[in-house]
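Hydrogens, waters and symmetry mates play no part in the numbers below; they use all other heavy atoms, side chains included. The chains referred to below are lettered A, B, ... by the order of the sequence lines, with proteins before strands, and numbering in each begins at 1. Just so you know, these numbers come straight off a predicted model, no measurement behind them.
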Amino acid sequence: MTAPLAPQYDPSAIEAPLYAWWQERGFYHADAHGEGEPYVIQIPPPNVTAVLHVGHGLNNTIQDVLIRFERMRGRRTLWLPGTDHAGIATQNVVEKLLAKEGLTRFDVGRDAFVARVWEFVNTTGGQILDQLKALGASCDWSRTYFTLDEGLSRAVREVFVRLYEQELIYRGKYIINWCPRCLTALSNEEAEKEETDGQIWHLRYPLADGSGSLVVATTRPETMLGDSAVAVHPDDPRYALLIGKHLRLPLIDRLIPIIGDDAVDPAFGSGAVKVTPAHDQTDFEIGKRHELEQIDILTPDAHINDNAPERFRGLDRFEARKRIVAEFTAAGLLEKLEPHRHAVGHCYRCGTVVEPRLSDQWFVKMQPLATPALAAYREGRISFIPERQGDNYAMWLENIRDWCISRQLWWGHRIPVWSCQTDGCTTTIVARDVPTRCTACGGTVVQDEDVLDTWFSSWLVPFSSLGWPDNTADLKAFYPGTTLVTAPEILFFWVARMIMAGLEFQGEVPFGTVYLHGTVRDTQHRKMSKSLGNGIDPLEVIDRFGADALRYTMVSGMAVGTDLILDPADLEASFAPGRNFANKLWNIGRFLLGHLEAGAVPVGDVPERELTLADRWILARAQETITTATLHYERFRLNDAAAAVYHFLWSDLADWYLEQVKPRLYGNHPGGETARAVAAHVFNVALRLLHPVMPFVTETLWKRLPGSAEAASISVAPWPVAADGRQDPAALIDFGALQAVVGAVRMLRAEYGVSPGATVNVTVADPSDAVRRAIAADSDAIRRLAKIAQLDVGLAPSEAGGAMVLEDQTMIIVPLGDLVDLEKECVRLGNEADKLEQLVRNQELKLGNENFVGRAPPAIIAKEREKLEGWRAQAATLREQRKALGCPD
RNA sequence: GGGCGAAUAGCUCAGCUGGUUAGAGCGCCUGCCUUACACGCAGGAUGUCGGGGGUUCGAAUCCCUCUUCGCCCACCA
């Protein structure tokens with residue numbers, strides 16, 4: 001593992017072997033009996049049939065960053081992975097496979113079908129978990145679960161039975177969302193409302209007594225086949241006299257009453273509503289209040305059934321709509337037609353328009369579970385990032401509706417309810433274990449055909465994955481967990497329900513913090529999706545640029561509460577920041593390691609007096625970086641943490657420190673040992689700070705650093721603490737002055753087109769104290785970095801040269817003789833001076849304003865005065881220089 | 001119909017509790033194959049901080065309003 005570094009950074013050569021080594025060494029296995037405060041993240045279990053997409057990439061990168069950070073901080077971390085059986089989704093996949101053979105699930109039968117799904121899952125399922133390994137995910141794979149495992153299934157049955165016994169689970173005939181394609185009930189959350197352009201038809205229904213007619217408005221004319229009344233508002237004067245009369249339903253000739261009900265909005269449409277209790281939620285309720293007949297006119301796959309006149313039977317619901325409208329038109333009963341925009345429910349798995357359908361289903365009574373979940377949030381036991389997501393959570397809980405948990409599928413947890421088959425015996429058995437006989441009459445029992453909603457197993461994951469209902473060591477050690485990282489889309493599906501389940505069955509919230517991150521979108525801000533073809537395959541990105549590049553790019557582009565925009569059409573551009581940075585790190589490592597072959601002494605052993613200004617500066621910067629990066633990681637500001645380390649490594653370490661100490665690293669320079677010690681140390685610190693984001697490169701380089709033997713892997717090395725740097729404000733100031741001097745000379749050189757190889761002479765006039773100290777400390781470095789032959793310090797000379805005034809009013813003059821275009825220099829100096837004088841005038845106005853001086857805090861006023869003096873002096877120096885050069889006024 | 005968020009350089013975004021000569025990365029321009037890195041080095045340009053009003057000594061930052069995008073929720077047929 002510690003072969004010399006290849007000259008070229010090649011992520012594909014290092015990442016896979018490194019991951020295998022991490023696994024082999026078991027660094028990410030959590031010990032239930034170990035030391036340290038637990039830190040637990042439950043992975044949002046991906047569908048067992050899923051393949052990694054960029055959304056998973058982002059979600060799991062964030063989790064891995066957090067878990068690696070906390071692991072290095074000494075927490076006993078557990079990142080618990082698993083997969084979800086994903087009832088509808090998985091069943092759909094296998095049904096599609098069957099369809100290729102020309103078969104339906106009904107052709108093969110339930111048992112054979114379920115066996116087929118298991119076979120599919122066992123052979124191809126869970127590949128996403130292997131793909132997560134390519135990403136670098138430091139999960140504890142030894143604990144990997146599947147929601148249909150025996151253990152988790154046992155938890156599901158236990159919960160069902162307990163809730164049933166508390167009368168929180170009930171069965172009943174209600175209007176539910178039905179997917180006519182998946183042939184199952186859906187929960188409210190699974191029926192996604194989408195704004196759709198539709199139409200509203202105004203249909204005329206004649207009164208039975210022939211005394212007139214009444215117009216109803218509907219968006220679904222086909223449901224008129226199931227109408228059992230027309231409702232108006234009881235106080236609507238237009239219809240007051242009609243209440244109690246009957247209408248003759250066109251096309252069918254059924255007599256239906258006109259009723260009064262508060263649910264009707266007199267202002268909408270005609271103020272009269274057709275009531276179809278079997279096909280609409282509101283109508284169902286109206287129907288109950290008025291004891292109306294519930295006429296179901298649709299088959300499960302949404303074709304007209306035998307309750308309708310023969311000519312409509314067998315028609316698809318949308319065909320039927322056309323037919324009905326045509327017949328109304330023909331009969332002169334279509335009053336008018338208007339465009340209408342409204343929300344239509346769609347199946348979240350297949351997109352089919354959902355049908356409100358009357359059927360017998362199992363429900364969980366949610367109110368009693370929601371109350372403690374709301375309280376937990378209000379009392380601060382759960383917090384959301386970004387905070388505003390908490391309002392969403394609370395609002396949903398406040399308006400919670402009962403949860404329809406039965407699904408008419410074959411793939412999933414079978415509902416643990418059996419009914420007696422004996423005539424006259426109505427015994428229902430709800431049991432943890434399969435009963436053999438009816439407990440009342442001893443007759444044979446038959447299990448409910450339905451399975452449970454997938455989320456009925458995933459809401460238990462925070463404890464079921466740890467062995468619940470047994471009181472296992474894992475459960476004791478790792479419940480409650482710590483942080484949950486997921487997308488806002490499943491806040492209600494999963495997050496809120498886990499909180500409810502955790503409180504109900506464990507008496508504690510399952511995690512304290514919920515971090516809801518944004519969505520990955522394309523440059524047109526469209527969500528990435530297969531159907532749009534605008535997706536990014538993370539595996540392709542890993543293949544081309546490496547997992548570290550992918551991770552860095554995602555982390556640095558993801559601020560709290562925002563979406564991540566990437567361009568699928570230009571992966572090169574999208575992932576350049578990460579790739580460039582990884583490459584830069586590699587080369588820093590190559591350079592540094594090349595000079596560390598003889599080893600390095602611990603920086604603590606270096607006598608204070610041997611530290612040069614640059615050494616002190618980089619140690620001070622290291623300390624600042626440790627502090628800020630740590631704080632940002634703690635606050636979930638991962639992009640800021642990454643940026644802080646990026647800046648330290650690239651700008652501070654590579655661009656300045658390493659350039660500055662190069663001569664000391666070469667050969668047997670007296671300061672060499674110190675430089676090696678400092679460089680090795682700060683690089684070590686920075687690699688550790690970056691490891692959560694870029695685990696592979698950092699590990700590869702870190703292992704080769706002298707002094708890394710303290711830990712077997714950087715991923716279990718201690719997190720840097722402030723004392724690993726050095727507080728040294730003076731070094732920050734003085735090295736800053738050095739940088740300013742070098743920068744000024746470089747600027748002037750570029751301005752005058754001095755050839756890169758040529759040296760120049762420089763006069764530093766009226767140096768500030770900091771500049772004076774910087775020159776005294778390291779004039780060699782200044783001369784080398786700015787390619788200066790002779791560096792003079794003194795009073796401003798009146799010689800022709802390029803000049804520049806630093807913020808601290810030090811004047812930098814590069815006498816360039818013929819190279820200087822005097823006229824151009826005069827203009828440049830003049831412009832600079834003008835700019836400063838404008839600032840001075842504004843500042844004078846500000847400081848002359850009595851309101852400002854009277855009301856602003858003294859500290860601010862002092863600061864503003866200082867600024868004014870600085871600009872004034874800079875401008876004056878520039879004017880002097882112009883005069884010295886003989887510039888015209 | 002309610003609720004929420006966003007609008008800052010050509011692009012993607014920082015800018016946390018109001019006081020910076022408004023920043024980063026990518027892209028762009030100029031010059032460099034300087035023996036760690038051209039996926040690089042040095043230098044540079046670019047913004048009436050979406051429009052309008054207000055609060056304040058002072059606003060990219062707070063308030064109102066308008067415009068444009070986006071998200072969530074909702075049984076007005």
Looking across every strand, which nucleic acid part, if any, lies under 4.0 Å from [X] by heavy atom: base, sugar-phosphate, or nothing?
| X | result |
| --- | --- |
| A:Q838 | nothing |
| A:Q8 | nothing |
| A:K867 | sugar-phosphate |
| A:R579 | base |
| A:Y393 | nothing |

Strictly below 4.0 Å: does [X] bring a side-chain N or O up to OP1 or OP2 of [N]?
| X | N | value |
| --- | --- | --- |
| A:K584 | B:rC41 | yes |
| A:K835 | B:rU21 | no |
| A:N580 | B:rG40 | yes |
| A:R388 | B:rG3 | no |
| A:R341 | B:rA77 | no |

Problem set entry | Flag for A:Y348-A:E192: side-chain donor and acceptor within less than 3.5 Å |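 Their side chains do not contain a donor-acceptor pair, so the 3.5 Å distance test is not met.
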Exercise. For the pair made of NE2 in A:H279 and P in B:rA77, what is the distance, rounded to whole Å?
Worked result: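 In whole Å, B:rA77 P lies 18 Å from A:H279 NE2.
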Exercise. For B:rU55, what is the paired nucleotide under Watson-Crick or G-U wobble rules, both distances under 3.5 Å?
Worked result: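 In the structure as shown, B:rU55 has no Watson-Crick or wobble partner.
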Problem set entry | Base-pairing mate for B:rC28 - Watson-Crick or G-U, with both contacts under 3.5 Å |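 Checking every strand shown, B:rC28 finds its partner in B:rG44, with both distances under 3.5 Å.
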For this session: Look at the side chain of A:E659 against the base of B:rA42 and say whether a donor-acceptor pair falls under 3.5 Å; ignore hydrogens and angles.
Result: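 Such a pair does not exist between side chain and base.
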For this session: Could you please name the option among B:rC75, B:rG40, B:rG43 that lies closest to any side-chain atom of A:A750?
Result: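 Among the listed nucleotides, the one closest to the side chain of A:A750 is B:rG43.
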For this session: Check every atom of B:rC73, B:rG25, B:rG70 against the side chain of A:P577 and return the nucleotide holding the closest atom.
Result: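 Nucleotide nearest to A:P577's side chain: B:rG25.
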